[in-house]
Amino acid sequence: MASSFAAGSGCPPPIPGAQWSAADTPVRPLLLWVRTGTAHVRLDDGPELRLRTGEGAWIPADGRATRAITTEPGTVAFPLCPHAGVGARGWSELTRFEVPSGWQDWLIQLFNLQVTPFSDRGYSPEAIEELLRRPGSHPPAPAVAGREASPEGFVPPAMPRARGARAVAEELMRDPGLDLTVERWASRVLCSARTLRRDFLADTGLTFERWRLLCRLGAAVEFLAAGYDVDQVAALVGFASRNGLTRAFKGQFGLTPHEFGRGLFARPGAGGLTQRAAAARQTDDLIRMVRETGTPAAPETLPAASTPSHTNDIHVLSWMYRGSGYLDIADRRYERERGVATWIPADMEHVTGLRENSVSLPLGNASTADLHLTAPLQVRFSPAWDDYLMFCSISARSGLRPDDHDPRHILGLFAEQVAVQRALSVPMPTDPRARAVAMEWLRRIGEPGGTHDADVRAEIHRAFRDETGMTLGRWRYAARMRIARDLLAGGAPPSAVARRIGYAHLPTFSAAFSRFHGLSPREYQEREVADIR
């Protein structure tokens, strides 16, 4: 099994306010749903929408409009991103709507499906179509006959390996209708346009423009097979007009989109929607929820889902919010239960799965330089952490985040939970008041202006001496050194460990660690790494 520790009963940090990053320009519409708290939405100088718990807003895409989205402290709001071509089928004005009771987990899982490689095959709206059918809606189109449709001889373009180019390619695979220049794509992945073009050509043998065209044509095949008409497909995959799609499609495949679609539905059989087509159908359902009256019934079940077998070049932290799942690496299966967060190691081929009625969320990433990890590592969070961890996921995988968002924050948070649990191996007082002091100090370790001995009553000092054999000051020192040891073993640099456990200066921490353990932090870390290897 993966290493697993139970996070103590400490409370999570407060949820700060957040705002939509200016770097995330309004190139696509948004559906913003407030799970808890209050959000504010405004376009240009128009009226502000104040959204409370259970409310949502349709935010149209308009490259000329300034989009302002802010959340108050304590708020968890999920931004759901329809495909770029959906704007023509949604409203052109900022619009409030009510999220029907019972739809929360469905929306949380939809966010997960939009920002992870989970396949949403089976998560398409067919399972809930009867519940949503009202005036103005339409049933799902016939499915592809037994396979994912593709004109004869078409091969999807290879994915680039360079990190920036791959990030752009993955975003275009999710949403081929995004119409950004290569310069804007480059700025989003923090490289130059020249580097981005070079990486696409070197890794795929295709120019960026040619790669994007093939990506769009591959998506067009899927949408046509799902029953969308040619005009809808053109908008969904980023063509300015039906004629533009027709010319490109015929140039690549030798037949028009209309001819291809007509040939598909002349074939007998049944099959399933592809991932992109199913995601588009889900968006259709959400838009019908926004624009139609009445309250649609909630989905009865959340289907199982899984990722394809793949590797990541970074460590990924995934948290089970509801139900259960699994992580398969080689011939080993690691179970993932409710509340468990799992670091999935980089460079290991794996499959991540969710069982029926289960929901997971990605909490963040860590580079191989920041975290030394050769096997999955797990920690359990209590339900009291649910809202805070959802906020972490939204901040990590969307443009809605605090101004001072630190992507490495989740690495420290996870390490602290493990370290605090391990610190409990230091003798703990049994007196309820003394134990409360100990747990509060562990929770706030590293914060400036922590509790001083003068703030603690004499009977609590006495309880520490009687029940642990240590004074309160000595107990804090032992707990600090225990936590420092685990953080160092996990690969954290000594300077970061010093700050994490409340030392303002590295030399002071090094001297304290050496007195306690008999060797310096760097020596201890080098020994631990050597033992692991």
Side-chain angles (χ1 to χ4, degrees), residues 1-10 12 35-36 76 78 102-124 127-128 272 275 278-279 282 298-312 315-346 348-366 373 375-394 396-397 410 413-414 417-418 421:
M1 292 181 62
S3 301
S4 182
F5 307 94
S9 58
R35 168 183 159 87
T36 186
V76 177
F78 282 87
W103 280 76
Q104 292 196 6
D105 286 349
W106 191 85
L107 291 172
I108 295 170
Q109 183 71 322
L110 182 56
F111 177 82
N112 179 43
L113 295 172
Q114 290 184 346
V115 300
T116 66
F118 274 103
S119 170
D120 46 8
R121 188 181 304 279
Y123 196 74
S124 59
I128 59 171
Q275 180 173 348
Q282 290 166 346
E300 293 182 346
T301 61
L302 298 176
S306 66
T307 66
S309 182
H310 68 291
T311 60
N312 302 313
H315 308 304
V316 176
L317 183 60
S318 178
W319 166 62
M320 287 299 306
Y321 160 60
R322 170 181 168 179
S324 66
Y326 55 87
L327 169 66
D328 289 341
I329 299 179
D331 58 349
R332 295 194 61 184
R333 169 160 291 189
Y334 301 89
E335 290 295 331
R336 304 174 61 216
E337 301 175 349
R338 160 76 169 108
V340 170
T342 305
W343 276 112
I344 303 172
M348 288 189 178
E349 188 167 353
H350 65 280
V351 172
T352 306
L354 299 175
R355 298 186 174 93
E356 188 175 87
N357 287 324
S358 298
V359 180
S360 71
L361 285 172
L363 297 182
N365 307 322
L373 191 63
L377 181 65
Q378 297 181 327
V379 72
R380 185 185 301 276
F381 289 89
S382 73
W385 285 78
D386 284 358
D387 284 343
Y388 185 80
L389 294 179
M390 288 183 191
F391 178 83
C392 290
S393 179
I394 294 164
R397 296 299 180 98
I410 196 66
L413 180 69
F414 185 95
Q417 293 302 305
V418 174
Q421 176 61 28

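Just so you know, these numbers come straight off a predicted model, no measurement behind them.
- The two residues P345 and A375 have their closest heavy-atom pair at CG-C, 3.5 Å.
- By the ring-ring contact (aromatic ring centres under 6.0 Å, His included) test, F78 is found to be paired with W33, F111, residues two or more places apart in sequence or in another chain being considered.
- A search for side-chain contact (heavy atoms from CB on, under 4.5 Å) contacts involving V316 returns N312, I314, N365, R397, not counting sequence neighbours.
- The two residues T301 and N357 make their nearest non-hydrogen contact at CA-OD1, 3.2 Å.
- Between the CD1 atom in I344 and the OG1 atom in T352 there is a gap of 4.0 Å [rounded to 0.5 Å].
- Screening S360, S324, S318, S358 against R336 for a side chain to side chain donor-acceptor pair (under 3.5 Å) leaves a single residue, S318.
- Using a 4.5 Å heavy-atom cutoff, the side chains of Y334 and T342 are not in contact.
- Side-chain contact between N112 and P362: present, with at least one pair of heavy atoms (C-beta onward) separated by less than 4.5 Å.
- Once rounded to the nearest 0.5 Å, the distance linking CD of E335 with CD of Q378 reads 9.5 Å.
- Nearest heavy-atom pair, V76 versus M390, reported as atom, atom and distance to 0.1 Å: CG1-CB, 3.9 Å.
- Salt bridge annotation for D386-R322: absent, with no cationic side-chain nitrogen under 4.0 angstrom from a carboxylate oxygen.
- Judged as a salt bridge (charged side-chain N to carboxylate O under 4.0 Å, His left out), and not counting sequence neighbours, the contacts of E337 are R380.
- One finds the CD1 atom of I410 at 5.0 Å from the CG atom of L363 (value rounded to the nearest 0.5 Å).
- Here the side chains of W319 and R338 are in contact, with some heavy-atom distance below 4.5 Å.
- Nearest heavy atoms, V351 versus S309: CG2-CA, 3.6 Å.
- Smallest separation of non-hydrogen atoms from G364 and W343: O-CZ3, 4.2 Å.
- Relative ring orientation between H310 and H350 is described as tilted, the plane-to-plane angle lying within the 30° to 60° band.
- No side-chain heavy atom of T307 sits less than 4.5 Å from a side-chain heavy atom of T116.
- The shortest distance between side-chain heavy atoms of L354 and Q109 falls below 4.5 Å.
- Summarising the geometry of L389 relative to F381, their closest heavy-atom pair is CD1-CG, 3.7 Å, with the distance given to 0.1 Å.
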